[in-house]
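A short worksheet on the structure shown next.
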Amino acid sequence: MPSGQFWKTELYDNKLGFVSEYGKEVVELLSPAPGEKILDVGCGTGDLAYDISKTGATVIGMDFSAEMIEKARVKYPTIHFFTGNAEQFQLDETFDAVFSNAALHWMKNAKQVVENVWNVLNSGGRFVAEFGGKGNVNRIVKATTDVLDEDYAIDAEKLNPWFFPCISEYSHLLEQQGFRVTYAVLFDRPTKMEDGEEGLSHWLSGFANQFFANVSEEDKKLLYAKIAARVRNDLFHDDTWYVDYVRIRVKAIKP
Ligand code: BEZ
């Protein structure tokens with residue numbers, strides 16, 4: 001995950017726990033088997049690495065954030081976790097599978113990530129991932145960039161840390177690398193936030209802090225309220241915020 005993002009691990013685990021919950025479906029697609037060696041790229045605080053390990057596979061978790069890795073080690077001391085940058089990493093060992101949930105959209109150099117994944121996979125190995133696809137969190141990004149532009153004359157698109165490709169773009173990257181793409185879907189998944197009115201603030205505070213890096217805490221609250229007002233009609237119903245997630249899910253094999 002990128003250097004500019006500051007991770008609040010308590011908020012991540014307590015209020016944004018849907019990340020790991022939805023990730024269980026991606027673990028199903030991975031279908032880990034006893035004895036396999038699996039690398040979890042962007043493992044966060046380790047919940048899915050732990051789920052994978054329960055199947056009898058050996059998992060190693062990597063994340064760019066030292067805070068995330070520190071917390072993962074405390075939660076799951078029997079699993080090996082290390083800090084690493086998926087856009088740059090090289091390892092001496094190889095794996096039967098590489099898994100990634102809700103992390104690849106933080107890595108703008110996707111071509112390099114795909115090459116690095118390829119390099120650590122055994123022949124016959126699989127890459128299974130889910131992340132944000134084209135259109136992901138569109139309404140929130142638009143409201144955020146508009147408000148920052150109007151109130152602070154900030155060209156916020158430049159601060160946007162995310163890469164949300166369409167299926168053809170990402171499949172093409174995988175195929176160019178030599179992967180056989182056996183599964184690729186893009187789907188809407190409106191995602192329920194916790195805590196009623198507070199839900200959108202949890203999301204902005206947990207995930208979007210690079211947009212607000214130069215804004216005081218006081219102004220941030222005002223901005224969050226303005227953003228909420230702009231997206232409320234589309235994203236708030238039944239006293240609950242639903243973030244406009246769009247996912248890409250892929251499975252690709254290294255021949
Ligand atoms: C996502 O999981 O799609 C996501 C999470 C945080 C920021 C942007 C997208």
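Being a predicted model, the structure only gives us computed values, none of them experimental. When a ligand or atom number is given, it counts from 1 through the structure's own listing order.
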Side chains of residues 181-192: which donor-acceptor partners sit under 3.5 Å, not counting sequence neighbours?
residue: Thr182; atom: OG1; partner: Lys251; partner atom: O; Å: 3.4
residue: Arg189; atom: NE; partner: Thr191; partner atom: OG1; Å: 3.2
residue: Arg189; atom: NH1; partner: Glu130; partner atom: OE2; Å: 3.1
residue: Thr191; atom: OG1; partner: Arg189; partner atom: O; Å: 2.6

Starting from the N and O atoms of ligand 1, collect every protein N/O partner closer than 3.5 Å and put each pair on its own line with the distance to 0.1 Å.
residue: ligand 1; atom: 2 (O); partner: Arg247; partner atom: NH1; Å: 3.4
residue: ligand 1; atom: 2 (O); partner: Arg247; partner atom: NH2; Å: 3.1
residue: ligand 1; atom: 3 (O); partner: Asn136; partner atom: ND2; Å: 2.7
residue: ligand 1; atom: 3 (O); partner: Arg247; partner atom: NH1; Å: 2.5

Could you go through the side chain to side chain contact (heavy atoms under 4.5 Å, CB included) check for Met107 and Phe163 one step at a time?
CA-CA 7 Å; Met107 303 163 199; Phe163 163 70; over 6 Å; no
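Here Lys111 pairs with nothing under the salt bridge (charged side-chain N to carboxylate O under 4.0 Å, His left out) rule; sequence neighbours left out.
Taking 4.0 Å as the cut-off between side-chain N and carboxylate O, Lys37 and Glu93 count as a salt-bridged pair.
Membership of an apolar cluster is not assigned to Tyr242, as no side-chain contact below 4.5 Å to another ILVMFWY residue is traced.
Checked options Val128, Leu30, Thr55; the residue passing with Ile38 is Leu30 (criterion: side-chain contact (heavy atoms from CB on, under 4.5 Å)).
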